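Quick notes on the structure that follows.
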Amino acid sequence: MPDSRDPAFRRVLKNLSHKSRTKKFDLLMEVFNPRPGDQVLDVGVSGDVFVQHCLEDVYPYPQRIVAGGYEPNEILTARRHYPQPQYALFDGCALPFPDQRFDLVFSNAVIEHILGPGRQQKFAQEIMRVGKSWFVTTPNYWYPFESHHHLPFFQFLPRSLQMPYNRLLGTHIAKGTVQELALLSARQMHRLFPPSKIAKVRVTFWPETLVAYYLHPERQGH
């Protein structure tokens, strides 16, 4: 098994990640077809994790984006990299916006970090409440390489084995620790976003990413 400390291996992962995000953004532009007047909400903006290849890099009207999340430092770093959007501090499970306030709600690889009973459901409900259309992505639970820990089959192991596995071979997440995740399958994503289509984005042998997207009827056919 490749050692993630090998720079060549890291380059491969970075390249695959870049290709996957490119395919997601291509799908977003194809489905949504942005208009200059559209208002967009980016739930879970990051100034560290996704910088140089995030929505704010590719969306043609960044000044129409409201971006935010619940971590002030992430918002501050995002603002330094991307000064054009507006920014807001909020909990994705209780968005401080009226119903259908935004033409599009976008969220990339956030929902798997929403933990606690019923919170993923609340997160999904809030996105569908404030957005006329939405585009929500998450890693595929069934992809055999777990993208947060950078270890194969990690998510299929019991917690009692995850810790020693990461202690032995992990480098991306601190050794001896485990990042709490609630990874989702395509079926689970559809249950959370029932009006949505579920796209399976693939750049390798199996879909790495799932996308729940919905286009408001007023945009269809245009």
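Please read all numbers here as calculations on a predicted model, not as lab measurements. Hydrogens, waters and symmetry mates are skipped; everything else that's a heavy atom, side chains included, is used.
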Exercise: identify the closest heavy-atom pair between [X] and [Y]:
X    : Y    : value
A186 : L210 : N-CD1, 3.3 Å
L181 : H149 : CD1-CE1, 4.0 Å
A212 : I198 : CB-CD1, 3.7 Å
E56  : A67  : OE2-CB, 3.8 Å
A78  : Y87  : O-OH, 3.3 Å
M128 : L192 : CE-O, 3.3 Å

Check step by step if side-chain contact (heavy atoms from CB on, under 4.5 Å) holds for Q39 and R101.
CA-CA 8 Å; Q39 292 282 349; R101 165 66 173 78; 3.8 Å; yes
Going by an N to O cut-off under 4.0 Å, is there a salt bridge joining R159 and E180?
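Result for this pair is yes, salt bridge flagged.
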Whether K19 and D26 form a salt bridge (side-chain N of Lys/Arg under 4.0 Å from carboxylate O of Asp/Glu) is what I want to check.
no
Carefully, step by step, assess F135 and F32 under the rule ring-ring contact (aromatic ring centres under 6.0 Å, His included).
CA-CA 9 Å; F135 192 95; F32 186 64; 9.1 Å; no
Distance in Å, [X] [atom1] paired with [Y] [atom2], rounded so as to fall on 0.5 Å steps:
X    : Y    : atom1 : atom2 : answer
R119 : C93  : CZ    : SG    : 3.5 Å
T137 : F106 : OG1   : CZ    : 6.0 Å
F156 : L183 : CZ    : CG    : 9.0 Å
L41  : D103 : CG    : CG    : 11.5 Å
I111 : Q120 : CD1   : CD    : 5.0 Å
E30  : F25  : CD    : CZ    : 15.0 Å

Using the ring of each side chain (for Trp, its six-membered ring), is F97 parallel, tilted or perpendicular to F102, with breaks at 30° and 60°?
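Perpendicular: the ring planes of F97 and F102 meet at over 60°.
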How are the rings of Y61 and Y59 set relative to one another: parallel (under 30°), tilted (30 to 60°) or perpendicular (over 60°)?
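Perpendicular, since the angle between the ring planes exceeds 60°.
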Please confirm whether the backbone N or O of [Y] pairs with a side-chain atom of [X], one donor and one acceptor, at under 3.5 Å?
X    : Y    : value
E208 : V203 : yes
N140 : P207 : yes
E146 : F153 : no
E71  : S46  : no
S107 : V43  : yes
N166 : I173 : yes
R202 : T204 : yes

State plainly whether one hydrophobic cluster holds both [X] and [Y], where clusters connect Ile, Leu, Val, Met, Phe, Trp and Tyr through side-chain heavy atoms under 4.5 angstrom apart.
X    : Y    : value
L27  : M29  : yes
L115 : V178 : no
F123 : Y70  : no

Does any part of the side chain of [Y], heavy atoms only, come nearer than 4.5 Å to the side chain of [X], both counted from C-beta?
X    : Y    : value
Y214 : P194 : no
S196 : W134 : yes
V130 : D99  : no
L151 : H172 : no
Q121 : R191 : no
K197 : H190 : no
L28  : V211 : no
S17  : R21  : yes

side-chain contact (heavy atoms from CB on, under 4.5 Å) between H113 and T138: does it pass, once the steps are laid out?
CA-CA 10 Å; H113 298 281; T138 192; over 6 Å; no
Could you tell me whether the side chains of S185 and W142 share a donor-acceptor contact shorter than 3.5 Å?
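Side chains of S185 and W142: no pair found under 3.5 Å.
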Quick one about K24 and N108 (side-chain donor to acceptor, distance below 3.5 Å, no hydrogens or angles considered), yes or no?
yes
Output, in order, the C-alpha distance, side-chain angles, deciding distance and verdict of side-chain contact (heavy atoms from CB on, under 4.5 Å) for V45 and I65.
CA-CA 11 Å; V45 69; I65 297 174; over 6 Å; no
Within the supplied structure, the quantity of interest is the number of heavy atoms (other residues, nucleotides, ligands) at a distance under 6.0 Å from R187 CZ; does it exceed 12?
no
Applying the salt bridge (charged side-chain N to carboxylate O under 4.0 Å, His left out) criterion to D38, which one of R219, K132, R64 satisfies it?
R219
Y143/F205 aromatic ring centres below 6.0 Å:
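Under 6.0 Å, so yes.
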May I have the step-by-step check of side-chain contact (heavy atoms from CB on, under 4.5 Å) for T177 and R167, ending in yes or no?
CA-CA 7 Å; T177 64; R167 185 180 301 114; over 6 Å; no
